Amino acid sequence: MNKLINIEQAIDLIKDGDTIFVGGFLGVGSPHRLIDALVKRGTKNLILICNDTGTPEVGVGKLVVNKQFRKIIASHIGTNKETGRQMMEGETEVELVPQGTLIEQIRSAGYGLGGVLTPTGLGTEYAKGKQIINVDGKDYLLEKPLFADVAIIAATKADKFGNLFYHGATRNFNNITSSAAKITIAEVEELVEIGDIDPDIVHTPGIFVEYLVNGGK
Amino acid sequence: MNKLINIEQAIDLIKDGDTIFVGGFLGVGSPHRLIDALVKRGTKNLILICNDTGTPEVGVGKLVVNKQFRKIIASHIGTNKETGRQMMEGETEVELVPQGTLIEQIRSAGYGLGGVLTPTGLGTEYAKGKQIINVDGKDYLLEKPLFADVAIIAATKADKFGNLFYHGATRNFNNITSSAAKITIAEVEELVEIGDIDPDIVHTPGIFVEYLVNGGK
Amino acid sequence: MDVKSFIAKRVAREFKDGNLVNLGIGLPTMVANYVPENINVIFQSENGFIGLGPAPAPEQLDPAITNAGGIPVTVKPGAAFFDSATSFGIIRGGHVDYTVLGALQVDEKGNIANYMIPGKMVPGMGGAMDLLTGAKKVIVAMEHTAKGSLKILKKCNLPLTAINAVDLIVTEMGVIEVTPEGLVLKEINPEYTVEQVQAATEATLIIKGKPEIMKLD
Amino acid sequence: MDVKSFIAKRVAREFKDGNLVNLGIGLPTMVANYVPENINVIFQSENGFIGLGPAPAPEQLDPAITNAGGIPVTVKPGAAFFDSATSFGIIRGGHVDYTVLGALQVDEKGNIANYMIPGKMVPGMGGAMDLLTGAKKVIVAMEHTAKGSLKILKKCNLPLTAINAVDLIVTEMGVIEVTPEGLVLKEINPEYTVEQVQAATEATLIIKGKPEIMKLD
């Protein structure tokens, strides 16, 4: 059960056409080395599910600039003009989802739910085409699960079983996406021995993490 | 914003007829001093929402023995014969809910969802009367939010703002129920100053906790 | 005092001791600078924490601690970090007392448009739809017009971020409350007449007696 | 070796290195004692952790670390504690490889009844419905009959805990696989004949060639 692989082995796991989760919020808590290696590899026709598309120079935005996505599902693309350009010119399909809905959709996938009901977006254009379900007199949108083939995430610390610990605001989407991908690869700043993370403070149980990449600080 | 109150003040906050969440799993992680004080006070006609009903001598089971509930919503009552007796003899209404469904119903209430869709219980008597929703060809039960007036929970450590930390398996329902009650009262083993719990390891943000009771070990 | 600071200072007067507040990017962020010293307001950052503090001194800078705009910040004692699911549970679940956002348009039903101009600017809703749906009170903080073009309308014509969401509009001209009857001019900047404010507002302002003078202290 | 240990030992042979396994109360708990030494199996405890270890020595006893039956246990290095929402996310989300439970009745459709006898015993489903729905493989570990009364039926007549859920039935008489065609007797305890096993089974056993001899090592 050795989960530690090198970056090239990690990138081998992402195939043309795959749907990928990428952790991070405007690049904070993103797996930067994995992203750089994926840019270098040039894997194409990917579907991205991510909170945002970073900037052209930071985080997942580099993959946008390199035109590796055929579709992007995100809550915000305003910090990366290239995403907007590709959308406007019809090069890349972009689906915008409210941030709180997006994370619940991913959680539904990872946690075995058929979806959740949320009031967010009711009455707006976002709601068009979505099923409305009335619960005790109140309307909600039915939001379905979102799965991925591979999640690439970042963590501050990991033990060799894959238990993850995040510092500061880097937890964001990393924690939940690990539960909803067939393969989760965590790029970690610090790798410690099994038993070196107090079980009370593990943020992501190691069972959600298939592979570890030692990313350094 | 002084959240620290004594046990009598805490029990004053629970009124006859209230719906209460009680944290704990077979008494592990239950607020034992608050329960004892509530037994002594004898507040009546309560609705209980709890994982289980403990045993006649341990945890929330003492409140069952004292006949303080008109209704009990729980996943398991088998360790407390008195709950079964009250149910069989029609003294107390008992609604049994799968454990994973129960915690999602409480989370839905606290997290602003209209409910979740789960496959758990499909095709069984539990599903009778529940709305079935088909998502992409698969059936799910619609499970609605469960709110409470007061949550009484237990934590290992708290700072004076109400940030909570749990040791071991005591987290169980305590963490989530705090989000779904109008008033949450946490009985804590150790009370520390604000700033004395590392923000990275807080399990329950203090905004979910209205009152603290110093319970001691 | 410049116009933006004036608006931010007036918004800050709405808060009460212990309130949990989320501030949007831009002008709303400035509100934090004007919270009265005699009250304790707690700020939430939707990327994953409660207890947002001021910008760091160079030696305090921690790349893992940024606000929702990706800008380095600090956290105050008693802070707690969490993942995006918890963050938006707090938001959607009604645990945020005030959200302060800018707007492209607001109308007399409390509808708000602030996330896209079709064909021109499509940044995405980020967390705005959830905040508008979930926060107990929504304050729009913005300049009264956009270089003369009206923003407070009878009916928004840009895609809505949320319906019936706005409670209060604070501009450099006055303070407008959204009521079931329409927009009530509650306070006015003495540098303007009621007629001037109405001329800068497409919706008909309801005047109940004489509007109070906008107070900043 | 007594009957229960015999069954537990055979069940343990199903596991592969790295499997995540949840063991029910009673006989299934004994399975942990027989995991082959050359593989590493990880146990989940639905009250909130992964990494369940053996019973504590007196000096190791920690009242916060108990199994789902409330019995003190230990955790192994690499363990992680979490709340009930995460615990059942792991269960419902298909992350548990095997769940091992007892049963009152099982039938040829893989239906299982193990949580109540109406009017007699209504303990509640606890986490069983979620485990039966979510685990990748469900193993029923039980004595073949209850003091002579049949338990492996054509059709369960007690209220079901889950439909089409069971994959494998391990008893002291043999190993039975639930297939779309019905129950296949895969292995037999050489102390019994096929006729004896069939006589103790209401459902018709499908025999494909000669059943293998039950092996425990």
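Here the structure is a predicted model, which is why all the values come from computation and not from measurement.
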Which atoms form the tightest heavy-atom contact between [X] and [Y], and what is the distance?
X        : Y        : result
A:Ile103 : C:Ala85  : CG1-N, 3.6 Å
C:Thr66  : A:Ala169 : O-CB, 4.3 Å
C:Met125 : A:Leu96  : CE-O, 3.7 Å

Best-contacting candidate, [options], against chain A by heavy atom pairs under 4.5 angstrom:
options                             : value
C:Gly89, C:Ala79, C:Pro159          : C:Pro159
C:Pro63, C:Ser45, C:Ala68, C:Ala113 : C:Ala68
C:Ala162, C:Gly119, C:Gly134        : C:Gly119

Interface moiety of [X] toward chain A, non-hydrogen atoms closer than 4.5 Å:
X        : answer
C:Ser84  : both
C:Thr161 : backbone
C:Met116 : neither
C:Asn164 : neither

Close side-chain approach of [X] to [Y], heavy-atom, < 4.5 Å:
X        : Y        : value
A:Gln99  : C:Glu46  : yes
C:Val122 : A:Met88  : yes
C:Asn47  : A:Asn172 : no
C:Phe88  : A:Glu104 : no

Report task. Kindly compute the distance separating OH (C:Tyr115) from OH (A:Tyr126), expressed to the nearest 0.5 Å. Result -> 10.0 Å
Query raised in the report: Looking only at atom types and distance, does a side-chain atom of C:Asp83 sit under 3.5 Å from a main-chain N or O of A:Arg171, one as donor and one as acceptor?
Result: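 Checking the backbone N and O of A:Arg171 against the side chain of C:Asp83, no donor-acceptor pair under 3.5 Å is found.
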**Report entry** Crowding at NZ, C:Lys9 (>12 non-hydrogen neighbours, <6.0 Å)
**Finding:**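 Above 12, so yes.
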Requested in this report: Check the surroundings of atom NZ in C:Lys109: do more than 12 heavy atoms from other residues, nucleotides or ligands lie under 6.0 Å from it?
Outcome: no
Query raised in the report: After noting the C-alpha distance and the side-chain angles of A:Thr118 and C:Arg92, does the key distance pass the side chain to side chain contact (heavy atoms under 4.5 Å, CB included) rule?
Result: CA-CA 8 Å; A:Thr118 165; C:Arg92 200 192 306 100; 3.5 Å; yes
